[in-house]
Amino acid sequence: MVNHQTVGDRAAHLSPEDLAALQENLHEQRLFRREQLRQIAAAPRAGTSPGHRSAAQTEVQVKLAASARMVLHDVEAALRRIEEGCYGTCHLCRRPVDRERLLIVPQARYCARCQQVREAGG
């Protein structure tokens, strides 16, 4: 039989100190990603001489910007979940996300098990 924890039990797995530290980490990540996107946008599209920037360099820059936007979106969503009081709950199975996982990936939406299923295409 599966033990489904209640919301009160879920909240107990993160101390107020944990939650404050995770929120601070997410704020720092948000600032970093915004600055990263600003720098990418400010980077010249062409090098100092004609044809200096290769198509490969442009492609890397486009992919970096897309990745930064995706992480920024995830970070902002995690900050909203903190404000709404539903941070730390898996979006699929509704069980608590392990504290250790959140300390490593504070913007995690899924518990480790559900994340593995998603990555496996299940």
Heavy-atom closest contact (Cys111 atom, Pro96 atom, distance):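 Cys111 and Pro96 have their closest heavy atoms at CB-O, 4.4 Å.
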Shortest non-hydrogen contact between Ala68 and Gln36, atoms and distance: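 Scanning both residues, the minimum pair turns out to be CB-OE1, 3.2 Å.
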For Val105, the rest of its hydrophobic cluster, which grows through side-chain links under 4.5 angstrom: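 Answer for Val105: Ile104.
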Hydrophobic cluster membership, Tyr110 vs Leu14, 4.5 Å side-chain cutoff: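 Not linked; separate clusters.
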Hydrophobic cluster identity match, Leu37 and Leu79, side-chain contacts under 4.5 Å: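 No; Leu79 is not reachable from Leu37 via cluster members.
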Where at least one partner belongs to residues 61-71, residue pairs that pass salt bridge (charged side-chain N to carboxylate O under 4.0 Å, His left out), sequence neighbours excluded: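 Sorted result for residues 61-71: Glu59-Lys63.
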Distance, nearest 0.5 Å, that separates CG of Leu19 from CZ of Arg99: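 CZ of Arg99 is found 11.5 Å from CG of Leu19.
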Value rounded to 0.5 Å, distance of CZ in Arg94 from SG in Cys86: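 Here the interatomic distance stands at 8.0 Å.
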Test item: Leu26 and Ile82 side chains (from C-beta on) under 4.5 Å apart, heavy atoms: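 Side chain of Leu26 against side chain of Ile82, heavy atoms only: contact under 4.5 Å found.
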Side chain to side chain, Arg95 and Thr89, heavy atoms closer than 4.5 Å: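 With C-beta onward as the side chain, the pair stays apart.
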Just by distance, do the side chain of [X] and the backbone of [Y] share a donor-acceptor pair under 3.5 Å?
X     : Y      : value
Arg34 : Leu72  : no
Asp74 : Val71  : no
Tyr87 : Pro106 : yes
His13 : Val97  : yes

Chi angles and distances behind the side-chain hydrogen bond (donor to acceptor under 3.5 Å, both in side chains) call for Glu35, Gln39: CA-CA 6 Å; Glu35 177 61 18; Gln39 288 179 6; 2.9 Å; yes
Salt-bridge contact Glu76-Arg33 (side-chain N to carboxylate O under 4.0 Å):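 No, Glu76 and Arg33 are not salt-bridged.
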Side-chain ion pair, Glu84 and Arg81, N-O less than 4.0 Å: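 Not counted as a salt bridge, because no side-chain N and carboxylate O are separated by less than 4.0 Å.
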More than 12 heavy atoms of other groups within 6.0 Å of His73 NE2: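 Not buried by this count: 12 neighbours or fewer within 6.0 Å.
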Identified side chain to side chain donor-acceptor pair (under 3.5 Å) counterpart of Asn25 within the set Gln23, Glu28, Gln29: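 Per the side chain to side chain donor-acceptor pair (under 3.5 Å) rule, the option paired with Asn25 is Gln29, out of Gln23, Glu28, Gln29.
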Flag for Gln61-Gln57: side-chain donor and acceptor within less than 3.5 Å: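 There is no such pair (donor and acceptor under 3.5 Å, judged by atom type) between the side chains of Gln57 and Gln61.
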